[in-house]
Amino acid sequence: MDEIHSVHQTPDWGVMIKTRGLSDVYFTHLKVPPGGNGGWHSHPGPSVIAVRAGTATFYDGCDDFFPQVFPAGTGFVEDAGCVHILTNEGNVDLEVVVMQIVPRGAARRIDEANPLQ
């Protein structure tokens, strides 16, 4: 994609997405079984996560690895450069849809060592 510059504001809401340079944009659909996880990793750009089914538990180094719980119908953003893991601590399949924006040609995912060991 070319550079992105999208801004919209109302009195009660606003959004801004801006990139510099070319970007690659990916959409993925992931299913994680109960007890499963996505492994420790980071990204060179932000990821927007929508939880379609189940409950996601997210541990993020940029938030002191405090467990953040997101049920179906909610979502969150994985910030660039933060080591994190997405887990399914529930008893049904976790299903998420992810949109990633990364610098053109960059890896979408960088595997990381477990920072808690």
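In what follows, every heavy atom counts, from backbone to side chain, and hydrogens, waters and symmetry copies are set aside.
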Quick check: is V48 connected to F27 through a chain of hydrophobic side chains (ILVMFWY, heavy atoms under 4.5 Å apart)?
yes
So OG of S42 and CD1 of I110: to nearest 0.5 Å the spacing works out to 4.0 Å
Check the side chains of T19 and E3 for a donor-acceptor pair under 3.5 angstrom, ignoring hydrogens and angles.
no
Linking I/L/V/M/F/W/Y whenever their side-chain heavy atoms sit closer than 4.5 Å, directly or via other members, would V98 and V77 fall into one cluster?
no
With a 4.5 Å limit on heavy-atom distance, are the side chains of V7 and V15 in contact?
no
For L86 and L94, what are the C-alpha separation, side-chain angles and deciding distance, and is it a side chain to side chain contact (heavy atoms under 4.5 Å, CB included)?
CA-CA 10 Å; L86 178 71; L94 167 63; 4.3 Å; yes
Do the ring centers of H84 and F58 come within less than 6.0 Å of each other?
yes
Is it true that atom CG of D111 has more than 12 heavy atoms of other residues, nucleotides or ligands lying nearer than 6.0 Å?
yes
Are there more than 12 heavy atoms of other residues, nucleotides or ligands under 6.0 Å from atom CZ of R52?
no
Side-chain heavy atoms of D2 within contact of L22, under 4.5 Å
yes
Please determine, by modelled atom types, if D63 and Q68 share a side-chain donor-acceptor pair under 3.5 angstrom.
yes
Rounded to the nearest 0.5 Å, how far does CZ of R104 lie from OG of S23?
9.0 Å
Taking every heavy atom of A53 against every heavy atom of A72, the minimum-distance pair comes out as CA-CB, 3.9 Å
Check the pair C62, D79 against side chain to side chain contact (heavy atoms under 4.5 Å, CB included), reporting the backbone distance first and the verdict last.
CA-CA 8 Å; C62 291; D79 290 322; 5.5 Å; no
For F70 and I49, what are the C-alpha separation, side-chain angles and deciding distance, and is it a side chain to side chain contact (heavy atoms under 4.5 Å, CB included)?
CA-CA 10 Å; F70 299 95; I49 314 294; over 6 Å; no
Can the ring centres of Y59 and F65 be said to be less than 6.0 Å apart?
no
Y26 with L30, same ILVMFWY side-chain cluster at under 4.5 Å:
no
Minimum heavy-atom distance V83-P115, with the two atoms named:
CG1-CG, 4.0 Å
Identify the two heavy atoms, one from V102 and one from A106, that lie closest to each other, and give their separation to 0.1 Å.
CG2-O, 4.1 Å
Would you say H5 and M16 make side-chain contact, with heavy atoms under 4.5 Å?
no
Is the shortest side-chain heavy-atom distance between D24 and P103 below 4.5 Å?
no
Option from N88, I85, T87 for which side-chain contact (heavy atoms from CB on, under 4.5 Å) with T57 holds
T87
Quick check on side chain to side chain donor-acceptor pair (under 3.5 Å): which of H43, H41, Q100 does R108 satisfy it with?
Q100
Between W40 and L116, does a side chain to side chain contact (heavy atoms under 4.5 Å, CB included) hold up when you go through it step by step?
CA-CA 10 Å; W40 289 101; L116 302 178; 4.0 Å; yes
State whether K31 and D93 are salt-bridged, where the test is any N-O pair (Lys NZ or Arg NE/NH1/NH2 against Asp/Glu carboxylate O) under 4.0 Å.
no
Which of these passes side-chain contact (heavy atoms from CB on, under 4.5 Å) with V96: V32, T28, V51?
V51
